[in-house]
**Student:** 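What follows is a structure written as structure tokens; I'll ask about it next.
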Amino acid sequence: MSDEQPTDLTTGDDLPEQMRIRREKRARLLAEGGDPYPVELPRTHSLAEIRETYSDLPVDTATGVKVAVTGRVMFLRNTGKLCFATLRDGDGTELQAMLSLNNVGADPLAAWKSDVDLGDHVFVSGEVITSRRGELSILADEWRMAAKSLRPLPVAHKALSEETRIRQRYVDLIVRGQARDVVRNRAGVVRSLRDSFHRRGFIEVETPILQTMHGGATARPFVTHSNAMDVDLYLRIAPELFLKRCVVGGLEKVFEINRNFRNEGSDSSHSPEFAMLEYYEAYATYDTVAVTTRQLVQEAAEAVFGTQVVTLADGSEYDVSGDWTALTMYGSLSDALGEEVTPETSVEVLRKHAAARELEVDPKHGHGKLVEELWEHLVGDHLHAPTFVRDFPVETSPLTRQHRSVPGVAEKWDLYIRGFELATGYSELVDPVVERERLEDQARHGAAGDDEAMRLDEDFLRALEYGMPPTGGVGMGIDRLLMALTGLGIRETILFPLVRPE
RNA sequence: GGGCCGUUAGCUCAAUUGGUAGAGCUGCGGACUUUUAAUCCGUAGGUUCUGGGUUCGAGCCCCAGGCGGCCCA
């Protein structure tokens, strides 16, 4: 972690004053026979329970009810003979504690003033009252230290820098309610997804993250090594090939929510480690899984926010309700170009279109890549409302079935939300012979130096040869679903994103 | 990988043309029995990211590097 000098924690001579003083207070508590970190405290109520029970108390009321609570000290307002503190519970509920000379006595009040700092966890027992200003409070008979904080909290009224928020998420969670909300919302979204699948009769499975061969997507993997087996292993880039083995085995409605790893950099919508949902449904097609996918998103919005018109971080509203627009890639690109483009359109013509719009393209790009690049710039970047983009070039969709009636395109859609790709769905390719041809082609690319190319997975092909029913499949980024529903960047939706060591 | 911007007190940020590094909050000492980012008086706190260089003098200029952000590929 650090090149900080090793520090004597009892004196902390090298530390900033504020940390030194807190360490001294801890040491003093111990020296006086106290315990800055007691093992157990006789708490009777959570702060939320008290807030719920006494929500309608009039101003300046004494209930006569004695309770014992704990919380982190978020604000301190000490006067000579009466001290106020705002305590906060783990669920974010805040409640005021009042310590008056009359009730706690001179020594405990003096100890409170000298020992308690912002950020400490304290135990307070006393009577439930409301203050003269009407604030629901515990009027203390007794207080104890529950856990001494040795580091000062950052200023509560100024935003932490983005870097500190990410590197020290625990601090972010303490001081910023929205950071806690994101964690809860994410948990709610994941729970909603599981509920939605269970209602539809899907089985949740967990497939390997450590793999002897990576596949299911075009991406560079992380490599690791098994000492016991003395083989190199890959962290998975997608669960796809294992989930398809499940479908072959008769698990005809399966889903998995888990982590994928791609050996790439990060930006506002990419992370090397990201959460993925994939699901496969036998006898579904890319048409029917599009409907399911829309419902998954809508049900998640409803479950977490109680509405399908969600409010984003910038305050704007985003509507995910109703049916969503569907475009075809070639149709929408033709409209944008004002000129018909089809799977037969030559590479030269596509390059001319790119050049006419000052779009630089890789001269190695073939038809499929060119179409996708043109489409992204001319159409994709401008899509705001949820939109399914259908029927991709076959060439860039190696694991997808050819369209049943339109030549040259694959039965694949991408779901775009506010300009980024949220999910992708397919009518899966299940013909083992065609699949083998496609993978052998990928393997040739790999041999030619493309380290994102897929490997020839003989075991996967063997599974397909036993017969996989017609199947629809979908992959959706969980982090991106959170982004879609909240308007946050990916690193705000991931609790502890990967960052360079300090 | 390329370009631009940033990096200063515990936190958030200032610092004129290169001329004694400041503020708010936090902290510390004091006053205050109804505060809500309490108020009032006093006060402390710095390897200006690191290493070189230019200069009488560098937070500021130059070179190299670290970390971060944004844009591009």
Side-chain angles (χ1 to χ4, degrees), chain A residues 1-5 7 12-25 28 58-62 73-88 94-106 108-110 112-120 126-127 129-140 149-168 170-172 174-177 220 264-270 354 358-365 369 373 376-377 381 489-492 497-502:
Chain A
M1 204 189 93
S2 76
D3 34 23
E4 270 179 45
Q5 295 300 311
T7 304
D13 284 340
D14 294 338
L15 290 172
E17 181 191 27
Q18 298 191 43
M19 285 189 232
R20 199 191 71 235
I21 285 165
R22 285 168 183 248
R23 278 167 170 76
E24 286 167 359
K25 288 179 179 179
R28 193 179 67 229
V59 168
D60 203 9
T61 305
V73 177
M74 297 311 294
F75 297 109
L76 278 172
R77 299 172 293 279
N78 291 345
T79 69
K81 301 185 181 67
L82 179 64
C83 298
F84 301 87
T86 304
L87 307 187
R88 194 167 70 205
E94 296 188 343
L95 191 67
Q96 177 167 276
M98 294 169 62
L99 294 94
S100 79
L101 180 63
N102 294 342
N103 287 269
V104 291
L109 187 70
W112 172 271
K113 288 194 216 176
S114 62
D115 296 349
V116 174
D117 292 305
L118 284 177
D120 290 352
E127 182 182 359
I129 65 160
T130 51
S131 72
R132 281 180 208 164
R133 296 288 173 87
E135 184 78 26
L136 185 62
S137 309
I138 308 297
L139 181 61
S149 168
L150 297 188
R151 286 180 182 266
L153 287 180
V155 176
H157 321 290
K158 289 273 189 173
L160 277 179
S161 68
E162 189 176 341
E163 186 175 356
T164 307
R165 291 214 308 264
I166 290 170
R167 285 191 187 272
Q168 300 184 47
Y170 38 88
V171 177
D172 188 30
I174 291 169
V175 297
R176 198 166 59 95
R220 222 181 312 177
E264 296 162 0
S266 50
D267 59 32
S268 56
S269 64
H270 293 80
E358 291 175 4
L359 179 63
E360 282 183 36
V361 292
D362 190 327
K364 291 197 293 284
H365 283 172
K369 270 280 187 193
E373 291 247 327
E376 271 173 37
H377 278 84
D381 288 351
I490 197 165
R491 272 184 295 188
E492 298 296 338
L498 181 65
V499 281
R500 278 187 193 278
E502 286 178 68

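Here the structure is a predicted model, which means the values were calculated and not measured. Residue numbers begin at 1 in each chain, while the letters A, B, ... track the order of the sequences.
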**Student:** Can you tell which of B:U33, B:G69, B:C11 lies closest to the side chain of A:P154?
**Tutor:**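 Taking heavy atoms from C-beta onward, the closest nucleotide is B:C11.
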
**Student:** The side chain of A:T164 lies closest to which of these nucleotides: B:U12, B:U33, B:A38?
**Tutor:**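 The nucleotide sitting nearest to the side chain is B:U12.
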
**Student:** Determine the interatomic distance between P on B:G29 and the same-named atom on B:G22; round to the nearest Å.
**Tutor:**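 After rounding to an integer number of Å, I get 25 Å for this pair.
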
**Student:** Please name the nucleotide paired to B:G1 by Watson-Crick or G-U wobble geometry with both distances under 3.5 Å, or report none.
**Tutor:**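 For B:G1, the partner nucleotide comes out as B:C72, under the 3.5 Å rule.
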
**Student:** Among the candidates B:U36, B:G27, B:U33, find the nucleotide nearest to the side-chain atoms of A:L82.
**Tutor:**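 Closest nucleotide to the A:L82 side chain: B:U33.
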
**Student:** Would you mind classifying the nucleic acid contact of A:E163 as base, sugar-phosphate or nothing, using non-hydrogen atoms under 4.0 angstrom?
**Tutor:**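 If one applies the 4.0 Å heavy-atom cut-off, A:E163 turns out to touch the sugar-phosphate alone, with no base involved.
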
**Student:** Would you measure the distance from the P atom in B:G52 across to the matching atom in B:U16 and give it in whole Å?
**Tutor:**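 B:G52 and B:U16 have their P atoms separated by 26 Å.
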
**Student:** Just the rounded figure in Å: distance from C1' of B:U34 to NZ of A:K81.
**Tutor:**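 Distance check: A:K81 NZ to B:U34 C1' gives 14 Å.
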
**Student:** Taking CG from A:N102 and P from B:U34, how many angstroms apart are they, rounded to a whole number?
**Tutor:**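 Rounding to the nearest Å, CG of A:N102 and P of B:U34 are 12 Å apart.
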
**Student:** So what does A:L160 touch, heavy atoms closer than 4.0 Å: a base, only the sugar-phosphate, or nothing?
**Tutor:**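 Contact class for A:L160: sugar-phosphate only.
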
**Student:** Could you check which of B:G10, B:C28, B:U34 has an atom nearest any side-chain atom of A:I21?
**Tutor:**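 From the listed options, B:C28 comes nearest.
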
**Student:** Please classify the nucleic acid contact of A:M19 as base, sugar-phosphate, or nothing, using heavy-atom distances under 4.0 Å.
**Tutor:**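 No contact at all - A:M19 keeps every heavy atom at 4.0 Å or more from the nucleic acid.
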
**Student:** Using a cut-off of strictly less than 4.0 Å, decide whether A:R491 has a side-chain nitrogen or oxygen near OP1 or OP2 of B:G69.
**Tutor:**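 For A:R491, the contact criterion (side-chain N or O under 4.0 Å from OP1 or OP2 of B:G69) is met.
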
**Student:** Using whole Å, report how far CZ of A:R176 lies from P of B:U12.
**Tutor:**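 After rounding, the gap between these two atoms is 13 Å.
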
**Student:** Going by an N to O cut-off under 4.0 Å, is there a salt bridge joining A:R20 and A:E24?
**Tutor:**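 Result for this pair is yes, salt bridge flagged.
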
**Student:** Using the P atom on both, measure B:G53 against B:U17 and round to a whole Å.
**Tutor:**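 After rounding to an integer number of Å, I get 28 Å for this pair.
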
**Student:** Determine whether A:H270 and A:I490 make a side-chain contact, defined as any pair of heavy atoms from C-beta on separated by less than 4.5 Å.
**Tutor:**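 A side-chain contact is absent here, since even the closest heavy-atom pair is not under 4.5 Å.
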
**Student:** Taking the side chain of A:Q18 as its heavy atoms from C-beta onward, which of B:U33, B:G69, B:U26 lies nearest to it?
**Tutor:**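 Of all the options, the side chain of A:Q18 is nearest to B:U26.
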
**Student:** Which nucleotide in the list B:U36, B:G10, B:C28 gets nearest to the side chain of A:D117?
**Tutor:**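 That would be B:C28.
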
**Student:** Between A:R132 and A:V499, just flag the one whose closest nucleotide in RNA chain B comes earlier from the 5' side.
**Tutor:**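 Result of the comparison: A:R132.
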
**Student:** Provide the distance between the two C1' atoms, one in B:C63 and one in B:U55, to the nearest whole Å.
**Tutor:**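 Comparing C1' positions in B:C63 and B:U55 gives a spacing of 16 Å.
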
**Student:** How long is the line joining OH of A:Y170 and C1' of B:C11, in whole Å?
**Tutor:**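 Atom-to-atom, A:Y170 to B:C11, this comes out as 14 Å.
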
**Student:** Searching all strands shown, indicate the nucleotide that pairs with B:G42 (Watson-Crick or G-U wobble; both distances under 3.5 Å).
**Tutor:**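 Matched B:G42 with B:C28 under the 3.5 Å cut-off.
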
**Student:** Would you measure the distance from the P atom in B:C28 across to the matching atom in B:A64 and give it in whole Å?
**Tutor:**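 That atom pair is separated by 45 Å.
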
**Student:** Give the rounded distance in Å between these two atoms: CG of A:N78 and P of B:U36.
**Tutor:**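 The answer, rounded to whole Å, is 13 Å.
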
**Student:** For B:G46 and B:C11, measure between their C1' atoms and round to the nearest Å.
**Tutor:**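 One C1' to the other, the span is 15 Å.
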
**Student:** Can you check the distance between B:U50 and B:U39, where both ends of the measurement are the P atom (answer in whole Å)?
**Tutor:**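 My reading of the P atoms in B:U50 and B:U39 gives 35 Å.
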
**Student:** Considering all heavy atoms of both residues, which atom of A:D117 and which atom of A:V73 are nearest to each other, and what is their separation?
**Tutor:**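 Minimum heavy-atom separation between A:D117 and A:V73: O-CB, 4.0 Å.
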
**Student:** Grab the two heavy atoms, one from A:L76 and one from A:L118, that are nearest each other, plus how far apart they are.
**Tutor:**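 Reported closest heavy-atom pair: N-CD2, 3.8 Å.
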
**Student:** Is it the case that over 12 heavy atoms from other parts of the model lie below 6.0 angstrom from the CZ atom of A:R220?
**Tutor:**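 Check fails, neighbour count at 12 or below.
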
**Student:** Using both distances under 3.5 Å as the test, list the Watson-Crick or G-U wobble partner of B:A23, or none.
**Tutor:**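 Its partner is B:U12 (Watson-Crick or G-U wobble, both distances under 3.5 Å).
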
**Student:** Pick the C1' atom in B:C60 and in B:U36, then give their distance to the nearest Å.
**Tutor:**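 Here B:C60 and B:U36 have their C1' atoms 42 Å from each other.
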
**Student:** Should A:T79 be listed as having a side-chain N or O under 4.0 Å from OP1 or OP2 of B:U34?
**Tutor:**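 A:T79 to B:U34 OP1/OP2: no side-chain N or O under 4.0 Å.
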
**Student:** Grab the CZ-C1' distance between A:R23 and B:G10 for me, whole Å please.
**Tutor:**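 About 12 Å, once rounded to whole Å.
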
**Student:** Search all heavy atoms of A:A140 against all heavy atoms of A:L99 and return the closest pair with its distance.
**Tutor:**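 Minimum heavy-atom contact is CB-CG, 3.8 Å.
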
**Student:** Which of these nucleotides, B:G10, B:G68, B:C28, is closest to any side-chain atom of A:R167?
**Tutor:**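 For A:R167, the side-chain atoms sit closest to B:G68.
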
**Student:** Hunt down the Watson-Crick or G-U wobble partner of B:A37, both distances under 3.5 Å, from any strand shown, or write none.
**Tutor:**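 Partner of B:A37: none found under 3.5 Å.
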
**Student:** Find the distance A:L118:CG to B:C25:C1' and express it as a whole number of Å.
**Tutor:**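 Nearest whole value for this atom pair: 11 Å.
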
**Student:** Separation of A:E94 atom CD from B:A37 atom C1', in whole Å?
**Tutor:**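 Rounding to the nearest Å, CD of A:E94 and C1' of B:A37 are 12 Å apart.
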
**Student:** Counting only side-chain nitrogens and oxygens, does A:R500 get under 4.0 Å of the OP1 or OP2 atom of B:C67?
**Tutor:**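 Result: yes.
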
**Student:** Would you mind classifying the nucleic acid contact of A:S137 as base, sugar-phosphate or nothing, using non-hydrogen atoms under 4.0 angstrom?
**Tutor:**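 It contacts nothing in the nucleic acid.
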
**Student:** Determine the minimum heavy-atom distance between A:R167 and A:V499, stating which atoms define it.
**Tutor:**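 Heavy atoms of A:R167 and A:V499 come nearest at NH1-CG2, 3.8 Å.
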
**Student:** Only pairs with both distances under 3.5 Å count, Watson-Crick or wobble alike; so what is the partner of B:A64 in this structure?
**Tutor:**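 Pair assignment: B:A64 / B:U50.
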
**Student:** Any idea which heavy atoms bring A:T86 and A:E94 closest together, and the distance?
**Tutor:**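 Heavy atoms only, the tightest pair is CG2-OE1, 3.6 Å.
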
**Student:** If you look at every strand shown and take non-hydrogen atoms under 4.0 Å, does A:L101 touch a base, only sugar-phosphate, or nothing?
**Tutor:**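 It contacts base atoms.
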
**Student:** For A:F75 and A:K25, find the nucleotide of RNA chain B closest to each by heavy atoms; which residue's nucleotide sits nearer the 5' end?
**Tutor:**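 Its nearest nucleotide being more 5', the pick is A:K25.
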
